[in-house]
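Scroll down for the structure; my scribbles are underneath it.
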There are 2 protein chains.
Amino acid sequence: MTTSDAGPRALAAAARLRIAVPSVADRVAAELRQQLADGVLLPGTRLTESTIAEDLGVSRNTVREAFAELAAERLVVRQPNRGVFVASLAPGDIHDVYTVRRAVEVAALRGGGTPERVAAVRAAVEEGKAAAAADDEEALGTANQHFHRAIVALVGSRRLDTIMSQVLAEMRLFFHKATVDAHFYRSYLDDNEQICAALEAGEPDRAAELLLAYLDRSEQKQSAVHGE
Amino acid sequence: MTTSDAGPRALAAAARLRIAVPSVADRVAAELRQQLADGVLLPGTRLTESTIAEDLGVSRNTVREAFAELAAERLVVRQPNRGVFVASLAPGDIHDVYTVRRAVEVAALRGGGTPERVAAVRAAVEEGKAAAAADDEEALGTANQHFHRAIVALVGSRRLDTIMSQVLAEMRLFFHKATVDAHFYRSYLDDNEQICAALEAGEPDRAAELLLAYLDRSEQKQSAVHGE
DNA sequence: TCCCGACAGATTGTTCAACAATCCGACGAT
DNA sequence: ATCGTCGGATTGTTGAACAATCTGTCGGGA
């Protein structure tokens with residue numbers, strides 16, 4: 001009771017909210033996630049437990065726990081008695097991912113959102129423009145992700161946010177193939193601007209329509225690049 | 001080679017698609033999932049690793065892997081160095097769950113779906129009616145879940161299906177409190193019928209509107225029962 | 001009386017070593 | 001060339017061990 005009295009109930013709540021120090025398994029998972037996002041580990045690559053355990057200086061069991069996390073996020077697939085492999089998306093999976101995005105993002109956009117959250121969308125759009133001006137393709141890609149994440153964040157749902165995060169993480173897996181074209185994301189700048197403008201103008205339904213068209217186009221592009 | 005020869009390529013494909021024998025960890029997770037769904041384990045209950053390991057006759061490490069699975073599904077929460085507890089939903093979480101349902105189910109319904117899949121929705125409706133006629137509240141509840149699962153299945157997206165499954169699993173966690181009222185699900189029978197009828201009539205948008213209203217009402221009820 | 005710190009017990013987090021089950025590739029026989 | 005067989009490698013699972021952390025209790029001091 002150093003400061004104002006908190007009471008036992010508040011203390012219990014604080015305990016529940018205390019900063020959870022990430023476990024070793026979590027950190028291993030985070031490291032692998034990073035390598036997956038960076039394209040260090042390409043789809044289809046086999047991840048051997050003992051190798052990773054050795055490389056990261058942790059036990060095999062801990063690596064196993066990390067694999068369980070990643071498998072739950074679909075970033076990695078487990079083949080019993082064979083090992084885990086970096087997930088690779090079939091053409092059907094691409095459509096599937098976009099189906100989720102259509103459901104989640106359009107629903108989020110239709111809700112409108114508070115002015116503060118709309119401002120976050122705007123910020124992501126500007127971030128993209130700045131990246132384009134600086135010819136930073138890398139930044140352009142992340143700005144684009146921020147944009148879509150901000151759209152979902154409009155509804156303020158923790159669960160929708162994590163769903164979106166996972167979908168984006170999945171997409172990063174096979175986006176590497178697409179970004180060989182250095183100007184890939186640039187074509188989306190206008191779309192983002194228009195969607196954001198419609199949203200700011202208080203016309204969420206129109207914004208949703210624009211987004212829907214955008215997603216359909218994007219899916220087509222992806223499918224084409226992915227060779228189908 | 002008991003039956004017709006398949007050839008090496010087909011065999012490789014079969015190997016990839018072969019029925020994955022569930023690992024011990026998977027079976028432990030399944031068992032716990034069942035107990036959670038059945039209400040044997042109520043929200044807030046602490047799950048001690050050693051106890052469960054002993055009860056199910058497996059090693060503590062294996063239980064740990066099962067916990068990782070369940071944690072990824074939000075059915076249990078891990079408190080570092082304290083243990084895992086059966087997840088309990090705060091009032092805000094209830095709204096959050098319904099937010100996901102609104103996004104997913106409405107989007108699915110708007111798509112219409114193939115006649116075959118519409119038929120599956122109809123089947124779930126009839127299943128509910130039959131359960132009501134037989135005064136089987138248990139069956140009524142599962143029929144209701146089948147109904148909503150069938151709606152999502154209209155789009156035929158593996159990812160949306162699993163999202164819906166997880167959401168329903170989460171709901172079963174706190175639905176136990178609600179079903180003390182034996183006639184809880186009965187009130188949904190008419191809604192389901194109307195939604196299904198609109199869908200069959202080729203008016204998916206009207207069906208979506210009905211579902212939206214249904215979900216809002218359901219959320220209100222749940223929030224009320226859950227004491228808020 | 002109430003608060004605070006130390007202590008003991010219990011539980012988790014992590015590692016290590018071992019072994020069975022399974023898979024993969026090579027090698028040799030037909 | 002096809003088919004078994006065998007050996008090596010990897011996974012699945014177990015059991016034990018130990019440090020780190022948490023919880024509750026017990027006593028001392030204000």
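Labels below follow one simple rule: chain letters A, B, ... track the order of the sequence lines, proteins then strands, and each chain is numbered from 1. Atoms considered below: every heavy atom in the structure, side chains included; atoms not considered: hydrogens, waters and symmetry mates.
Between D:dG12, D:dT10, C:dT11, one nucleotide has an atom nearer to the side chain of A:Thr48 than all others, and that is D:dT10. Side-chain proximity of B:Ser59 to C:dT14, D:dG15, D:dT11: nearest is D:dG15. Out of D:dG12, D:dT11, D:dA17, the shortest distance to the side chain of B:Arg60 is found at D:dA17.
Taking side-chain N and O atoms only, A:Thr62 has a distance below 4.0 Å to OP1 or OP2 of C:dT15.
At whole-Å resolution of the value, CZ in B:Arg64 and P in C:dT11 are 14 Å apart. Atom-to-atom, CG of A:Asp26 to P of C:dT12 comes out at 17 Å; the value is rounded to the nearest Å. For the pair B:Glu69 CD and D:dG12 C1', the interatomic distance rounds to 14 Å; values are reported in whole Å. Here D:dT11 presents its P atom at 10 Å from CG of A:Asn81, a figure rounded to the nearest Å. Distance CD (B:Glu65) to P (D:dT14): 10 Å, rounded to an integer number of Å. The nearest whole Å value for the distance from the CD atom in B:Gln79 to the P atom in D:dA20 is 22 Å. A straight line from CD of A:Glu49 to C1' of D:dT14 spans 14 Å, rounded to a whole angstrom. Atom CZ in B:Arg78 sits roughly 16 Å away from atom P in C:dT11 (whole-Å rounding).
Between B:Ser157 and A:Thr99, the shortest heavy-atom contact is CB-CG2, 3.9 Å. Across all non-hydrogen atoms, the minimal contact from B:Glu69 to B:Ala29 is OE1-CB, 3.6 Å. The two atoms that bring B:Ser218 and B:Tyr188 nearest to each other are OG-OH, 3.2 Å, heavy atoms only.
Where B:Val24 and B:Arg46 meet DNA chain D, the nucleotide closest to each residue was compared, and B:Val24 sits on the side nearer the 5' end. Positionally, the nearest nucleotide of DNA chain D for A:Phe67 lies more toward the 5' end than for the other of A:Asn61 and A:Phe67.
Distance alone, capped at 3.5 Å, places no donor-acceptor pair between the A:Asp38 side chain and the A:Gln35 backbone.
Using a cutoff of 4.0 Å between basic side-chain nitrogens and carboxylate oxygens, B:Arg101 and B:Glu219 are not scored as salt-bridged.
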